[in-house]
Amino acid sequence: MKYPFRAIKVTDTVYWVGAIDWTLAEFHGYATPRGTTYNAFLILGDEPVLIDVVKAHFKDELLSRIASVIDPGEIQHIISNHSEMDHTGCLLDVIERINPKTVYASKKGVDAIHKHFGESVQVEIAENSSTIELGNRSFTFEETRMVHWPDSMFTLYNDESILFSNDAFGMHLASSERFDDEVDEGILREEAAKYFANILMPFAPAVAKTVGIFDKYGIPKMIAPDHGPVWRTNLNRIISWYLEWAHRRTKNKALIVYDTMWGSTAKMTRAIEEGLMSEGVSVKVMPLSKSNRAEIALEVLDSAALLVGSPNLNSNLFPTVADTMAYLQGLAPKGLIGAAFGSYGWSTGGAIKKLETILGDMKVEIVASLAKQYVPDESGLDECFQIGATVGKRIKMMKLGKEK
Ligand code: FEO
């Protein structure tokens, strides 16, 4: 069958040959309502090179886009920057179809490819910081370990100064547009931040180190990630965003995440919110009945405080709260202060103790904790207000401390 997919020209020698996935709703727990792209790039030259492949069931879209420029069999080399399945799902099929001379991956990437597909796959190690000539084209490899897997690496295409950055600087955004200047600025920032929060936040120190690559090589003409648009205008914008997020430059902001069973924890939330606002703090309240994990992670990214409310269900956390906290624990945001609160009925209020334990494991400094039986009365709501005010004062002190 002949497929209709066409390559998109990036430069005279580079073509985008990836896939657009409008159907993706979730990426390992991260809601992706705007879908995504799996980017792959064809470099033309004496020995054509393919940088990354795509998720398994988009193989025909990839090969069709390549075929709109050259016969896929002409490709001599594949560079695999990262072995997660959204970028290597069809690697074996593509190798079989085009029979390249060499496949390159980082040292850890070779290991990962072998563990996914078997030791018989022929893959060469792309030595860290090495430059190789493939025909008349020059490439430099830089390992970017734990951004966000041990195998992750960048490939710099020296002839055109394009950095193929794999997951870094990417976003889950399906679109017909391939370049940053074709996409609304607000959407770019929101989706890039959401990607950082949900994928890269646990590895913020490694990301900060990786951004140092621009000191070594200078800022390239383009950054071409494996998800979302290629950055070709004002690259300092995405680089400065990454520095902001990697160093967790928070705002004068508190995030309250809660669920409620019979309305009591909701009442406590509203009183805490008022206390925070009384100190001039910006408050985002996210009821778990209508908030997904990815949106919560995005809000954590620039929040100075995380306050979590849970009702008790059989003396345990409410299921939505347990789910959210398990997710946030994995993302391990640094430097938060916080509070645990909630209502309990006939039980002993075990949910709040569990929340304290989880927040403690996350190294959140717990400023206050409050469990109220059944329905909070006037004095109980005043206690909640005071918790909000106390956290608000701490946020203000933190901000003043940063300004000194
Ligand atoms: Fe886009 Fe880590 O895969």
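Indexing begins at 1, ligand by ligand and atom by atom, following the structure's order. Sequence positions, counted from 1, serve as the residue numbers for this chain. Heavy-atom basis, side chains included; hydrogens, waters and symmetry copies ignored. Bear in mind that the values here come from a model prediction, so they are computed numbers and not experimental data.
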Next on the checklist: Please list all pairs meeting salt bridge (Lys or Arg N to Asp or Glu O under 4.0 Å) that have one or both residues in residues 44-55, counting only residues at least two apart or in different chains.
Outcome noted: E47-K101
Next on the checklist: Among residues at least two apart in sequence or on other chains, which ones pass side-chain hydrogen bond (donor to acceptor under 3.5 Å, both in side chains) with S130?
Outcome noted: none
Checklist entry - So, is the end of the R65 side chain (NZ or CZ) under 6.0 Å from the ring centre of W16 and within 45° of the ring's axis? => result no
Item to check | Protein N, O or S atoms lying under 2.8 Å from atom 1 (Fe) of ligand 1, listed by chain and number | outcome: D86 OD2, H87 NE2, D167 OD1, H227 NE2
Name the atoms and distances for all side-chain donor-acceptor pairs under 3.5 Å in residues 222-229, with sequence neighbours left out.
unit_1, atom_1, unit_2, atom_2, d
D226, OD2, H87, ND1, 3.4
D226, OD2, N166, ND2, 2.8
H227, ND1, T36, OG1, 3.4
H227, ND1, T37, O, 2.8
H227, NE2, D86, OD2, 3.0
H227, NE2, H87, NE2, 3.2
H227, NE2, D167, OD1, 3.2

Checklist entry - Rounded to the nearest 0.5 Å, how far apart are OG1 of T250 and CG of L336? => result 8.0 Å
Checklist entry - Between E143 and S152, is any side-chain donor less than 3.5 angstrom from a side-chain acceptor? => result no
